[in-house]
Amino acid sequence: MPKRRRLTMRQLRQLLRLNADGISVRDIATMLGNARSTVQDNIERATAADLSWPLPAELTDDVLEHRLFSRQGVKQGIRRRTEPDWGRLAVELKKPGVTLSILWEEYRAVHPDGYAYSRFCDLFRGFERRLTPTMRQVHVAGDKVFVDYSGKKLPIVDRKTGEIREAEIFLGVLGASSYTFAEATWSQTLPDWIGSHVRMFRFFGASRA
């Protein structure tokens, strides 16, 4: 049985995608090389956090981790006032036209006895600082390729009928050179996901099949 261990953010995204495609917990565990209990635990966390695939394009790994594991780890000091979901606010703040002032006004509309604006900003900035650790990574040429969907769909127009369909954009980037492969597929389902990988490796010259 695979050893129970915490998944990386990339694996978590893959887990959510596979779960949305109807892949069983057993098969997902096999694909990720992890214990079924770990897979099930993360699916339950995602459900509790109201997260489903596809995830919002602006949902960063840091915010995703906070949404899933904010109740674990170091205990924070008890505060007397109701706090908002800082992870959700971090996502909202990335949207055009959204400011901390607007978010605070929405927060106080729901919690009239909540934090004053200055304290609200201090707590939010403190949350942001916990999300910004950086680690320099060195990639060996040909060693790794990073893959994901862009999160933005491309409208495709049928010239005969005028029908517009939205296509997913698959991306593969070599770690060392940032050499990029991109293609459009109709979905993020498993057949398209695997097919994109096959064509990506052919493009990079990593497969002769």
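Hydrogens, waters and symmetry mates are skipped; everything else that's a heavy atom, side chains included, is used.
Residues I102 and G97 approach most closely at CD1-O, 3.4 Å, considering heavy atoms. Across all non-hydrogen atoms, the minimal contact from L93 to V98 is CD1-O, 3.7 Å. Contact record, F127 with A90: CE2-CB, 3.9 Å, taken as the closest heavy-atom pair. Residues A20 and W53 come closest through the heavy atom pair CB-CB, 3.7 Å. Contact detail for W186 and D192: the closest heavy-atom pair is N-OD2, 4.0 Å. Closest heavy-atom contact between G172 and V147: CA-CG1, 4.0 Å.
Two different hydrophobic clusters hold V173 and I169 under the rule that ILVMFWY side chains link at heavy-atom gaps under 4.5 Å. Under the 4.5 Å side-chain heavy-atom criterion for grouping Ile, Leu, Val, Met, Phe, Trp and Tyr, M200 is connected to L190 within one hydrophobic cluster. Hydrophobic cluster membership is shared by F203 and I194, with clusters built from Ile, Leu, Val, Met, Phe, Trp and Tyr side chains linked at under 4.5 angstrom.
A distance-only check finds no donor-acceptor pair linking the side chain of D41 to the backbone of S37 [under 3.5 Å]. Between the D21 side chain and the I23 main chain, no donor and acceptor come within less than 3.5 Å of each other. Of the possible donor and acceptor atoms, one in the side chain of T180 sits under 3.5 Å from a partner among the backbone N and O of S178.
To the nearest 0.5 Å, atoms CZ (R199) and CZ (F181) are separated by 6.5 Å. Summarising the geometry, atom CZ belonging to R165 is positioned 11.0 Å from atom NZ belonging to K153; distances are rounded to the nearest 0.5 Å. With rounding to the nearest 0.5 Å, the separation of CG in D148 from CZ in R10 is 6.0 Å. The line from CG of L32 to CG of L18 is 6.5 Å long, rounded to the nearest 0.5 Å. Remark: S196 OG to Q188 CD distance equals 10.0 Å, nearest 0.5 Å. Taking CG from L16 and CZ from R45, the interatomic distance works out to 12.5 Å, rounded to the nearest 0.5 Å.
Applying the side chain to side chain donor-acceptor pair (under 3.5 Å) test to pairs two or more places apart or on separate chains, those with a residue in residues 90-112 are E92-K95.
Applying the side-chain hydrogen bond (donor to acceptor under 3.5 Å, both in side chains) test to R13 and every residue at least two apart in sequence or in another chain returns D61.
T30 and D27 are not linked by any side-chain donor-acceptor pair at a separation below 3.5 angstrom, with hydrogens and angles left out of the test.
Remark: D50 CG is loosely packed, at most 12 non-hydrogen atoms of other residues, nucleotides or ligands lying under 6.0 Å away.
Ring pair Y179/F204 is tilted by interplanar angle, where 30° to 60° counts as tilted.
Ring to ring, W86 and F120 are close: their centroids are under 6.0 angstrom apart. Taking the ring centroids of F124 and Y115, they lie at or beyond the 6.0 Å cut-off.
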### Task
Could you please spell out the steps behind the side chain to side chain donor-acceptor pair (under 3.5 Å) verdict for S187 and E168?
CA-CA 6 Å; S187 74; E168 304 286 349; over 6 Å; no

### Query
Going through the checks in order, is the side chain to side chain contact (heavy atoms under 4.5 Å, CB included) test met by T189 and R17?
CA-CA 8 Å; T189 57; R17 179 179 56 76; over 6 Å; no

### Query
Does the side chain to side chain contact (heavy atoms under 4.5 Å, CB included) test come out yes or no for N19 and I28, once each step is laid out?
CA-CA 8 Å; N19 183 59; I28 294 174; 4.1 Å; yes

